[in-house]
Novice: 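Input: one structure, supplied below.
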There are 2 protein chains.
Amino acid sequence: MTGRDGGRKAEQGAGRPTVRDVAREAGVSLATVDRVLNERPGVRKVTAKRVADAMARLGYQRDMAAANLSKRRHYRMAFLLAEGTNSFMHMLRDAVGNTASFTSMDRIDLRTVLVPPFDGPALAAALDALDPEEIDGVAVVATDSPEVRDAIARLSARGVYVLTLVSDAPTSMRARFVGIDNVVAGRTAAGLLGRFCPAPGRICIVMGSALLRDHVERRLGFETVIAREYPHLSCLPPIEGRDDAETVGRLLSAQLKAEPGIAGIYNLGAGNRGIVRALEERAAGPRIPVVVHELTPYARSALISGVFDAVINQDAGHEIRSAVRILKALIDGRPTFDAQESICIDIYMRDNLP
Amino acid sequence: MTGRDGGRKAEQGAGRPTVRDVAREAGVSLATVDRVLNERPGVRKVTAKRVADAMARLGYQRDMAAANLSKRRHYRMAFLLAEGTNSFMHMLRDAVGNTASFTSMDRIDLRTVLVPPFDGPALAAALDALDPEEIDGVAVVATDSPEVRDAIARLSARGVYVLTLVSDAPTSMRARFVGIDNVVAGRTAAGLLGRFCPAPGRICIVMGSALLRDHVERRLGFETVIAREYPHLSCLPPIEGRDDAETVGRLLSAQLKAEPGIAGIYNLGAGNRGIVRALEERAAGPRIPVVVHELTPYARSALISGVFDAVINQDAGHEIRSAVRILKALIDGRPTFDAQESICIDIYMRDNLP
DNA sequence: GCCGTTTTGAGTATCGTACATCAAAATCGG
DNA sequence: CCGATTTTGATGTACGATACTCAAAACGGC
């Protein structure tokens with residue numbers, strides 16, 4: 001509750017330049033510096049330049065903490081996530097909730113908006129429903145459809161910074177994408193499954209929807225590496241399970257029955273429960289190596305019991321926090337610390353479960 | 001330079017409680033609330049409790065930005081890293097440098113102190129040389145020796161928060177350890193190498209020093225899993241290469257020559273260059289799978305060229321930033337956001353290089 | 001109930017910035 | 001070169017806290 005240091009060691013700062021220093025250096029008044037700094041009208045271009053030069057010379061950096069204190073500014077961000085029972089989306093929602101309680105201290109307010117999954121028009125409508133006067137930044141798990149791209153463009157035009165999260169819409173006006181490189185993720189899955197399947201055979205690929213850019217990219221990466229580096233394996237046409245465990249289970253069961261010689265399974269979407277169920281229902285046969293995505297509770301226990309061999313994961317918490325940091329930087333007009341913001345592709349096996 | 005939003009949307013805060021609200025609620029003056037908040041003397045216990053209750057009732061959270069602004073407080077942190085040519089230490093040093101330029105905005109000053117490697121007394125001396133009046137927090141890559149443990153205890157006693165980084169000293173008074181779980185890392189390496197080596201054989205283990213807790217723990221995790229789950233493999237006694245490429249190369253070359261039937265190599269310390277060199281010098285033979293630690297530039301190119309199969313990595317940047325966040329929270333007397341601070345064990349293969 | 005000692009209250013200045021107001025100065029058109 | 005119109009300066013208040021001082025009030029012991 002109270003600080004443990006008791007303020008014992010309050011020490012003076014290294015004395016970095018303030019607006020007053022800039023004013024003195026530029027030979028103008030504080031008011032003028034303030035006008036330049038906050039882009040208020042009534043400053044001649046020459047004067048503005050003198051101020052800008054003075055700032056550059058002194059290496060002035062505006063103290064955002066003081067500025068925000070004075071402005072009573074709150075950073076208001078919305079996260080648009082798909083509703084439904086998909087575990088990973090749940091993890092994202094939880095991550096937003098957890099993060100919110102910590103960012104509120106820094107005047108960052110987070111709001112979650114749920115939208116129907118796989119539904120471009122609905123997502124676009126949700127984006128349009130956001131009031132630019134009440135929101136400074138948005139992170140959206142994008143379906144890569146024209147409606148969504150347009151809605152993103154409208155929102156950006158109205159001064160709201162938009163980020164895509166987890167699944168990108170590269171040709172949209174989004175300021176940035178926060179998430180893993182899904183082509184690389186697919187390649188990684190192939191590198192693992194390729195090594196886990198020494199004998200020749202075919203591989204089942206399960207995906208959610210060809211509308212989701214992340215799924216499409218994973219498939220691309222996966223098939224490329226399998227074809228190039230593991231010629232003893234071949235990929236069956238993907239099953240589209242709509243990220244729904246029941247559908248996935250049914251379709252996969254059917255494929256396992258119909259296709260002989262299945263050497264491995266790669267689920268690049270959600271619905272891991274369906275994978276487990278299909279494998280349980282299967283008539284006896286040699287163990288089939290399985291690589292899936294997202295370390296959900298189900299995937300976790302399947303790893304432990306040995307049904308799954310590896311899980312490719314993206315840390316939902318990291319992604320949310322990264323999105324928050326990037327949006328804040330965009331809103332502040334600051335550069336982002338890119339090295340910090342690259343989301344890494346985590347590989348989990350039974351031995352390194354967190 | 002200046003914000004792009006032009007302050008267009010300055011909006012009033014949700015109105016969270018301030019010290020004035022607490023004072024009113026508790027029926028005391030501002031001065032008293034301040035005394036309680038900063039643990040200044042001259043407040044009766046009953047009054048302090050009344051204030052604490054009022055804070056709890058209102059859900060008061062001290063505005064750290066405002067407090068720091070007023071205090072002109074700077075968080076001064078020191079990072080004690082091993083000097084030498086070891087690439088991972090270089091990455092840590094670079095990470096400190098990069099982070100410093102971003103944290104200076106938040107009044108966080110970082111300093112790097114280099115100490116000789118594998119030298120408990122020297123590290124202890126470096127810790128003792130820090131002036132508690134000039135440093136609020138320290139992160140140290142610990143050698144787990146009695147001198148170091150004592151020095152950490154002395155520093156903590158003098159009011160400096162101490163964190164161990166990368167390599168822990170669990171029985172010391174360090175407030176916390178920032179780094180990966182090295183037993184798990186060793187197990188993970190075994191899980192990978194075990195699958196990569198289908199044929200029976202022996203495994204070379206290369207470590208830096210038995211003084212480094214992280215190396216000891218990795219070895220433990222590795223040998224446990226190999227023994228339990230991959231009975232066709234057995235581990236040779238570890239080579240101690242002192243994290244030096246030249247030494248590692250020489251000793252490994254000798255072992256490769258002396259021991260027939262080596263099925264795999266696990267380098268759990270630094271000196272990856274030595275591993276590559278020894279493999280190049282080796283008389284022809286079947287390819288030997290290799291798993292190493294830390295994604296240094298050398299390890300990277302060895303992954304690409306196919307000499308290494310997998311690299312277990314800890315992200316130096318994440319670790320430094322996590323250490324900074326935790327130290328800041330400790331200094332502020334705030335709880336830490338633990339979920340955010342667990343450092344994950346990254347597995348890199350050729351296909352998912354960043 | 002008096003006296004000396006805590007404990008508490010009230011007020012003020014400060015941090016670095018935002019923002020509004022009013023007056024003074026510079027610039028411009030004609 | 002005058003009057004109208006920018007552009008600039010000076011000043012004050014606010015943000016939410018810290019940190020002082022000085023005086024008033026409450027407390028404890030005898």
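Just so it is clear: chains get the letters A, B, ... in the order the sequence lines come, proteins before strands, and each one is counted from 1.
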Novice: Measure from the side chain of B:L37, starting at C-beta and using heavy atoms only, and say which of D:dT18, C:dA18, C:dG16 lies closest.
Specialist: D:dT18

Novice: Is the phosphate of D:dG9, meaning OP1 or OP2, less than 4.0 Å from a side-chain N or O of A:S29?
Specialist: yes

Novice: When you look at A:N98 and A:R93, which way does the side-chain hydrogen bond (donor to acceptor under 3.5 Å, both in side chains) test go after all the steps?
Specialist: CA-CA 9 Å; A:N98 288 331; A:R93 302 214 291 259; over 6 Å; no

Novice: Taking NZ, NE, NH1 and NH2 as the nitrogens, is one of them in A:E25 or A:R57 under 4.0 Å from a carboxylate oxygen of the other?
Specialist: yes

Novice: May I have the distance from A:R20 (atom CZ) to D:dA10 (atom C1'), rounded to whole angstrom?
Specialist: 12 Å

Novice: Starting at CE of B:M64 and ending at C1' of C:dC15, how long is that distance when rounded to a whole Å?
Specialist: 16 Å

Novice: Could you check A:R44 against A:L30 and say which one's nearest nucleotide on DNA chain C is further toward the 5' end?
Specialist: A:L30

Novice: To the nearest Å, give me how far apart CG (A:D63) and P (D:dC15) are.
Specialist: 18 Å

Novice: What is the distance, to the nearest angstrom, from the CG atom on A:D106 to the P atom on D:dA17?
Specialist: 14 Å

Novice: Test of understanding: with salt bridge (Lys or Arg N to Asp or Glu O under 4.0 Å), list the residues that count as partners of B:R325, not counting sequence neighbours.
Specialist: B:E341

Novice: Distance check needed: C:dA18 C1' versus A:H74 NE2, whole Å only.
Specialist: 15 Å

Novice: In whole angstrom, what separates A:R50's CZ from D:dT8's P?
Specialist: 8 Å

Novice: Would you call A:R174-A:D168 a salt bridge at under 4.0 Å N-O?
Specialist: yes

Novice: For B:T32 and for B:A66, find the nucleotide of DNA chain C with the closest heavy atom, then tell me which residue's nucleotide is more 5'.
Specialist: B:T32

Novice: What does A:D34 touch in the nucleic acid at a heavy-atom separation under 4.0 angstrom: a base, only the sugar-phosphate, or nothing?
Specialist: base

Novice: In whole angstrom, what separates B:N38's CG from D:dC20's P?
Specialist: 10 Å

Novice: Is the phosphate of C:dT17, meaning OP1 or OP2, less than 4.0 Å from a side-chain N or O of A:R62?
Specialist: no

Novice: For A:R40 and C:dC19, is the shortest distance between a side-chain N/O and OP1 or OP2 below 4.0 Å?
Specialist: yes

Novice: Mind checking A:A31 for me? I need base, sugar-phosphate or nothing, with any heavy atom below 4.0 Å counting as a touch.
Specialist: base

Novice: Less than 4.0 angstrom between a side-chain N/O of A:R35 and OP1 or OP2 of D:dT8, yes or no?
Specialist: no

Novice: Using a strict cut-off of less than 4.0 Å between a Lys/Arg side-chain nitrogen and an Asp/Glu carboxylate oxygen, indicate whether B:R24 and B:D21 qualify as a salt bridge.
Specialist: yes

Novice: In whole angstroms, how far is the C1' atom of C:dG16 from the CZ atom of B:R72?
Specialist: 11 Å

